[in-house]
Visitor: 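Please read through the structure below; I'll follow up with questions.
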Amino acid sequence: MIMRADGVTLGYGGRPVVHDVTLDITEGGVGLIGESGSGKTTLARAFLGLLRPMSGTIAFNGQDLRKVGMKAFRKAVQPVFQAESLDPRMSVARSIAEGSRDRAAVPALMEKVGLDPALAARRPHQLSGGQRQRVVIARALAVRPELLILDEPTSALDVTVQARILELLEGLEAERLLITHNLAVVERLCRTSHVLFAGRVVESGPTGELLRRPAHPYTLALRDAVPRLGGQPPVARGRTEAAPASEGCPFRLRCPLAVPECESAPEPREVAGRKVACHRAELVLSA
Amino acid sequence: MIGYLARRLGQALLVVAGVVTLTFVIMRLVPGDPAVAYAGPKATPEQLAAASRQFGLDEPLHVQLWNYVRDLVTGDWGTSLRTRQPVREDLFTAFPASLELVGAALILAIVVGIPVGVLAARHKARLPDLGVRLGSMLAVSVPVFWLALTLQTVFASHLGWFPVAGEYDASLDTTSPLTLWTNITIVDALITGNWPIFTSTLDHLVLPALVVAAYPAGVIAQMTRAALIEESGQEHVRLERALGFGETTILTRFALRPALNPVLSLIALVFAYSLVNGFLVEAVFNWPGLGRYAFNAITSADTPGIAGVTLLVAVVYVLVNLVVDLLQGVIDPRVRTR
Amino acid sequence: GGQVRGASQPPSAPATQPGASASTSAAPAAVNDKAFVYAPNLDVVTDWDPATSYSNENIAMQNIYESLTRYNAESQKPEPRLATEWSSADGGKEWTFKLREGVKFHSGNPVTAEAAKKAIERTMKLKSGAAYIWDAVKKIEAPDGGTLKFTLKYATPLDLVASSGYASYIYDTSVVEKVKDGTTDAGSGPYTIDTWAKGKETELTLKAFDDYWGGWKPGQYKKVAFRVTPELTTAWQLLKNGEVNFVQRLNPQLFAQAGATSGVQATRTPSFQNLMLLFNTESGPLKDVKVRQALQKVLDYDGLAAALEGAGVKGSGLVPQGLLGFTPGLEPKQDLKEAAELLAAADYGPDLNELKLSLTYAQGDADQQLMVTLLSSQLKKLNVTLQAKPMQWNAQWDLGKKKGQDIFVMYWFPDYADPYSWFVNVFRSADPVSFNLSYLRDEAIDKAIDALPQLTATDRAAAEQSYADLQKKIIEEKAAVAVPYVQTYQRALTAGVQGYVDNPAYPNVVSFYDLTLAG
Amino acid sequence: MTVVEPRRRLPMMPDRLAAFGAVLLVLIAASALFAPWLAPYEENDPKPLDKLLEPSSSHWFGTDHVGRDILTQILYGGRTSLAIAAAVLAVSALVGVTLGVVAGYAGGWIRDVIMRITDIFLAFPALLLSLALAVVLQPSVTTVILAIAVTWWPWYARLSASVAASVSTRSYVDAARCLGVPAPVIVWRHVLPNSITPVLVQLSLDAGGVILTAAALSYLGLGAHEPTAEWGLMVQQGQTLFTTNWWVVTFPGLAILVTAFAFNVLGEGLRSALDPRRTVIR
Amino acid sequence: MIRVRDLRVAYGDRVVAEVPELDVARGECVAIVGESGSGKSTTLLALLGLTEGARVSGEVSVCGVDVMKARPRALRAVRGAKAALVIQSPQAALSPTTRLGVLMRRALRLHGVGGGSDTSGKAARGIDEVMAQACEAVMLDPAILRRYPHEISGGQAQRFAIALAIALGAEVIMADEPTSALDVTVQAEVVGVLRELREERGLAVLLVSHDLALVSTIADRVLVMKDGVVVESGPARHVLRDPDHPYTRELLEALP
Ligand SMILES: Nc1ncnc2c1ncn2[C@@H]1O[C@H](COP(=O)(O)OP(=O)(O)OP(=O)(O)O)[C@@H](O)[C@H]1O
Ligand SMILES: Nc1ncnc2c1ncn2[C@@H]1O[C@H](COP(=O)(O)OP(=O)(O)OP(=O)(O)O)[C@@H](O)[C@H]1O
Ligand SMILES: [Mg+2]
Ligand SMILES: [Mg+2]
């Protein structure tokens with residue numbers, strides 16, 4: 001366990017968007033899946049120390065982040081954001097060397113991520129999307145981090161490029177927290193996964209298990225809505241037009257299985273080897 | 001919404017408090033003893049001392065500031081060193097005159113600026129656009145005093161189309177006296193149905209209002225154009241086109257409303273700005289407004305007068321901005337849910 | 001509820017149309033029901049109290065209030081106004097004035113010696129504005145209704161004092177406390193307040209006082225209006241349009257144009273106001289009298305006069321023409337050669353040390369600016385750098401009192417038509433400095449100045465001589481001052497106005513009562 | 001086969017407009033810079049006997065009330081006016097952008113404090129503030145610069161704060177923070193360069209306004225003064241001559257107009273090339 | 001419904017889309033797929049004559065109107081009334097200050113649907129009815145018509161755009177990445193609505209997407225574009241099962 005969020009509530013301007021989340025970053029890759037706006041990036045920013053929790057603690061190597069020496073922490077945990085996270089005015093080499101301040105290491109790093117060192121003098125707009133994403137990865141690797149926090153590293157890329165970047169990520173030795181809404185990517189890169197809905201973790205467990213036999217109706221809907229090549233058209237379960245409910249189970253207004261019991265917020269509990277926050281998890285499992 | 005309003009009001013009060021303090025500081029910095037200004041150039045030391053006491057200048061600074069704030073709050077804005085009248089009364093005469101002039105000018109600027117901006121956006125990168133852009137740039141570049149003198153000489157003096165100066169024909173004061181309600185001549189004439197004064201005021205307003213309107217009309221046209229062009233680059237315009245709406249309909253019925261918000265902020269700024277900056281025009285056209293009052297106050301080191309104008313304009317600025325905030329909510333529903 | 005503007009008439013009262021009343025009027029002679037419109041460049045009234053009023057409002061007050069005497073610039077003597085005759089005794093320390101009979105205040109009360117005594121005593125007690133003019137008075141008595149007797153502490157020409165433009169008014173003390181808001185007045189003059197709207201364009205209107213002792217004839221103006229017009233070009237255009245009748249100050253170009261414009265008449269009169277360059281005689285480079293004398297000779301007086309083109313005329317000495325003590329032959333002259341020699345004697349000049357001088361002058365005054373422009377360009381050729389700072393009066397004066405400049409430029413004019421004002425205020429040593437801004441300190445001069453009032457009151461010829469000597473001493477010997485020009489008033493009136501006389505003792509005052517409109 | 005051609009655009013739009021403004025400005029600046037060589041007469045050399053001569057072949061723009069050649073004075077006056085504009089913009093941009101970028105990056109209470117101060121200066125009637133300052137400091141060119149800069153910086157503070165705030169939310173700023181780059185370096189290296197473009201555009205739009213304001217201050221006798229040649233001062237001195245000697249006020253007035261116009265054209269051109277929306281008033 | 005021959009769209013000297021042949025029949029669903037910047041959207045816009053500033057050549061006929069030759073007025077009559085566009089980002093595609101109902105009403109008036117352009121009470125009632133029915137067809141609560149765009153969800157916005165097409169009686173729906181901004185669960189719903197309309201009303205659908213998997217589930221025929229050129233086209237089944245072009249193959253292989 002490298003990092004841990006314990007009962008963390010996060011928000012902007014006093015308005016919470018992530019509620020009471022407890023989550024460990026363990027070995028083998030951790031995935032974070034969820035609807036757009038469910039708070040994935042917000043959580044990632046908290047793990048990076050860019051956002052203070054409104055309550056709860058974030059720990060790094062068992063120590064509260066507020067007490068950890070920032071210098072060491074900064075070297076240990078690095079983000080990989082989308083390709084837009086390059087300063088448009090800085091050359092590739094300057095960007096990569098920004099953290100390490102070691103220009104000499106740049107060519108080696110570029111080769112490591114599959115970039116031609118001849119591109120070192122270029123600026124981001126002179127690169128393709130895939131190349132830019134590699135620069136972002138190289139910049140993070142330059143400080144030899146223990147943990148990479150990857151926020152949708154491939155979602156802006158074409159599928160063909162995406163595949164190559166995933167290969168690169170697989171080969172890295174650092175631990176990772178991966179955020180994506182692409183289930184196939186999580187399956188490939190993460191041993192455990194957490195599903196976020198409306199700022200709450202609704203289900204967590206081993207990735208394979210989770211996707212094969214979801215225990216939460218949202219995970220189920222998510223899985224079933226993914227179109228498969230040549231398969232049946234994806235099915236919509238429940239009414240998607242309803243906004244997340246404020247009290248009780250956040251998913252209940254969209255849940256096809258909702259019962260009056262769902263008016264009260266479900267506590268996370270252990271079901272079939274994973275943690276689920278749903279009153280009707282058993283029913284979902286059997287579906 | 002209520003919370004938002006309360007916060008904005010709080011900020012506004014803070015700003016006014018800041019202006020009061022800043023004003024006070026500047027008042028103390030202006031060289032030359034106010035007491036000397038009041039007592040006159042050949043005053044005796046006793047007269048000076050008396051004047052000092054009268055203005056409380058013998059107190060320590062923080063006490064003076066405290067007294068100043070207390071007086072302001074209780075409605076005592078001091079006595080002008082120059083006119084020897086209560087500043088509040090002076091402002092009560094000068095402000096409506098400026099309001100009338102600036103109001104007329106802004107109406108003119110809006111009535112001209114917005115359609116012209118729409119025209120330019122409608123024919124973007126073509127001849128009407130170039131014309132509007134060059135025209136509006138000329139309008140914002142022309143030195144006001146020069147424009148005022150030129151218009152006055154040409155249209156009033158040589159051609160005789162408009163009166164040379166003044167707010168209305170003073171002889172009407174005896175033939176059809178005006179009952180004052182708001183102290184704004186043209187408004188009072190309108191609500192009391194005093195047509196001779198109303199038409200006379202309108203006639204007298206044309207030239208000065210034109211001059212004051214030049215700059216606002218220019219920036220409003222530029223801003224309307226820019227905002228419209230940006231808005232028409234928005235994705236929704238593509239949908240409206242795809243629905244078969246014509247370009248002009250799209251600009252005026254769909255794009256204009258969201259584009260009006262920056263224009264509205266601009267109008268608020270221009271309004272506050274024109275209140276004082278019109279003083280050159282006011283001088284040329286004998287318009288006894290706030291700008292001229294401010295200018296006279298400054299050049300005669302009339303500190304209470306300066307402070308009064310400053311405060312009034314600051315309050316107006318803050319109020320106008322509040323109103324604009326509310327209006328923006330009406331115009332653009334997105335603002336409401338901020 | 002609303003209030004009515006132009007409150008002299010209730011809204012329901014039948015309005016008198018201009019022109020209409022002329023035809024219905026019984027009088028066959030041209031009854032003048034037009035208002036005479038005066039276009040001042042500043043607000044008119046700041047202080048309605050005749051005791052303390054000390055600024056622009058005299059252009060109205062001189063027509064509302066009257067003094068015992070009035071100065072006649074032509075004869076250079078006071079002439080009767082409320083007083084019909086007067087005499088002095090005891091070497092100028094006792095004065096007796098006989099009052100005009102049958103004069104009434106606008107309040108209806110008669111103007112008696114007792115009333116005049118009370119008025120002057122109130123003015124003296126308030127000690128504000130120009131009240132100092134009565135400083136010599138020890139005691140006032142009113143032995144009978146028509147006689148006013150002054151006993152003085154020291155000899156002074158009280159007939160001149162009584163003609164002062166300020167603080168000399170005889171007013172009705174029983175109503176004077178009510179004049180503040182400008183609806184009533186306490187005067188006895190030909191006009192009385194009609195309306196007053198501070199801050200408005202037409203700030204003040206006056207109407208005829210029907211019971212005026214001089215009586216009223218057809219053709220005289222019975223209404224007067226003051227229309228505040230800060231911009232000269234605007235005023236000129238209003239005048240050309242016939243919308244105003246009088247513009248107090250034109251520039252030379254407009255004056256020339258006025259002369260050539262039909263419907264406009266132009267008049268020009270030298271004033272009692274002259275410009276002085278006061279040299280710092282106490283410290284700095286001008287402490288050296290040679291440098292001061294050089295400066296006196298640097299300025300291109302004729303060029304300046306040409307550039308001013310009638311806005312000012314070269315004067316002679318400190319006393320303007322029309323006042324006692326005017327001394328011909330003191331005209332300043334440019335002499336660059338001599339100036340260079342004098343400077344060289346003090347080790348300054350093109351091949352010697354650079355001289356840096358600071359000068360302060362009035363902000364916004366075009367004529368002073370002109371003078372500075374010429375002076376600085378002349379000085380540059382002599383390796384003298386002039387740092388000229390335009391300042392507001394208060395700031396300039398503050399600095400002057402601290403002796404902070406080398407040259408102090410200012411206008412001076414007397415409150416009443418007596419040259420004594422220049423000498424006692426500007427050149428008599430004083431501590432602390434008030435207007436003695438050349439910081440001249442000379443006992444002989446002080447003594448001569450102190451003797452002036454008595455001489456004036458008793459022996460005008462001796463006074464004349466003493467003024468001439470003093471001027472020579474101050475200008476030539478001490479070189480404390482240069483006097484480049486005396487201002488000239490260039491005014492314009494609409495044609496058809498008759499009877500206008502410019503009296504420099506009362507600057508900018510138009511005596512409306514004397515005007516008539518030609519048929 | 002049918003071909004639909006794109007609609008014709010005017011050749012001048014919009015980047016050429018900026019170029020046009022730039023060329024105009026270079027001409028104006030050059031004529032001010034080379035005034036000693038271009039001017040037909042000596043600077044500030046009054047000849048009272050030649051006063052108020054009409055425009056002629058020996059005095060193209062005529063002479064003023066003390067007999068100085070107006071063309072010469074305009075050429076030299078350009079130096080003052082342009083220098084004032086440059087200095088005002090430099091000072092206010094320096095102050096405004098520094099405060100604005102700090103506010104935009106820091107956010108929270110720092111931003112609140114800076115923005116409230118900015119608001120106060122904005123609410124303070126600009127001209128009054130300039131005038132008051134000009135009175136306090138005594139008229140001079142430096143005073144004009146300070147007096148205008150005092151009212152001008154809040155605009156840049158506001159503008160750059162909003163741009164910097166949005167730049168600060170970009171992920172490359174977050175990335176830099178995660179790399180342990182100190183805050184001042186982040187501001188200097190990332191936030192400032194990426195926020196500066198709109199400010200630059202605004203600067204060129206504003207230059208015209210500064211010249212007009214400086215002219216107005218001089219015109220009121222609170223700015224440049226004799227013997228410094230300055231356009232506003234020239235207009236002020238010639239103003240009462242407008243009906244009798246039109247050239248004295250008209251040519252300096254035109255000089256102000258053309259220069260302000262050139263700056264505006266440049267700014268407008270830049271703006272439409274870079275960002276169509278932003279306008280701040282002077 | 002749609003017939004395209006030798007369409008070429010160029011910005012300046014750069015040809016950004018070249019489509020030799022594209023036909024969409026009634027009730028048919030044709031999809032254009034390809035990587036970002038390959039000219040998919042451009043093609044779609046060219047069909048409605050909405051490519052401003054571009055040089056367009058070729059033959060384009062939509063619902064019987066020759067788009068290239070038609071006068072602006074005739075072209076405007078086709079837009080919306082016959083061929084409706086559904087755009088990628090749902091909220092941004094709606095004017096932020098216009099209530100949904102107002103937009104729909106204005107569009108209906110413009111095309112004289114539901115009582116023509118006269119503003120009598122009867123016509124208004126006619127319009128109301130049309131609007132209510134259209135909402136029902138896409139399973140939207142008509143109350144939503146009183147809302148502003150920012151007050152509705154992305155899925156609702158996309159369904160509203162489709163409702164607009166239905167209300168106007170459009171025969172073709174052109175959808176430019178109608179679901180890429182949506183959550184997969186919401187995407188499924190929008191796709192469902194499109195399918196239903198096609199089956200029940202015989203609407204022709206031209207779909208642009210980069211999601212091969214999604215396309216494979218609803219399209220009858222597929223065009224694959226790369227760098228502005230159509231590299232492969234044909235029945236969906238065929239193209240996706242054994243692609244001819246290496247690029248298509250690469251696309252398919254990259255799919256998880
Ligand atoms: N800087 C911010 N200020 C205020 N609210 C924010 C801010 N950033 C995000 N939010 C809000 O917080 C919520 C969660 O946002 P977040 O970016 O964490 O979602 P996400 O799960 O990453 O979504 P996506 O998949 O779209 O990236 C959203 O409702 C968003 O509007
Ligand atoms: N108005 C325009 N002016 C110049 N070039 C344009 C314009 N519109 C589009 N392009 C260019 O045309 C090419 C095709 O763009 P288009 O939007 O059709 O691609 P797309 O396939 O829809 O891509 P995406 O999947 O990213 O939406 C792009 O390279 C784009 O830069
Ligand atoms: Mg995110
Ligand atoms: Mg596209």
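Atoms considered below: every heavy atom in the structure, side chains included; atoms not considered: hydrogens, waters and symmetry mates. In this text, all values refer to a predicted model and were calculated from it rather than measured experimentally. Convention: sequence-line order gives letters A, B, ...; per-chain numbering from 1.
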Visitor: Applying a heavy-atom distance below 4.5 Å, give me the residues of residues 9-19 of chain B that approach chain D, sorted by number.
Guide: B:Gln11, B:Leu14, B:Val15, B:Gly18, B:Val19

Visitor: Heavy-atom distances under 4.5 Å only: say whether B:Val309 touches chain D with side chain, backbone, both or neither.
Guide: both

Visitor: Of the listed residues (B:Leu275, B:Thr153, B:Thr310, B:Val313), which shares the most heavy-atom pairs with chain D below a 4.5 Å separation?
Guide: B:Thr310

Visitor: Where does B:Ser265 contact chain D at under 4.5 Å (heavy atoms): side chain, backbone, both or neither?
Guide: neither

Visitor: Quick one: list whatever passes side-chain contact (heavy atoms from CB on, under 4.5 Å) with B:Leu260, sequence neighbours left out.
Guide: B:Ile114, B:Leu256, B:Val263, B:Ile331

Visitor: Begin with the C-alpha distance, continue with both residues' side-chain angles, and end with the deciding distance and a verdict on side chain to side chain contact (heavy atoms under 4.5 Å, CB included) for D:Phe242 and B:Val284.
Guide: CA-CA 12 Å; D:Phe242 188 68; B:Val284 170; over 6 Å; no

Visitor: Among residues 113-123 of chain D, which ones touch chain B with a heavy-atom distance under 4.5 Å?
Guide: D:Arg116, D:Asp119, D:Ile120, D:Phe121, D:Leu122, D:Ala123

Visitor: Look up atom CZ in D:Phe20 and atom CG in B:Leu134, then write down how far apart they are to the nearest 0.5 Å.
Guide: 7.5 Å

Visitor: Just give me the residue among B:Val318, B:Thr150, B:Leu147 that pairs up with chain D most often, heavy atom to heavy atom, under 4.5 Å.
Guide: B:Thr150

Visitor: Can you name the residues of residues 252-263 of chain D that have some heavy atom under 4.5 Å away from a heavy atom in chain B?
Guide: D:Gly253, D:Leu254, D:Ile256, D:Leu257, D:Ala260, D:Phe261

Visitor: What are the two closest heavy atoms between D:Gln239 and B:Leu149, and how far apart are they?
Guide: CG-CD1, 3.4 Å

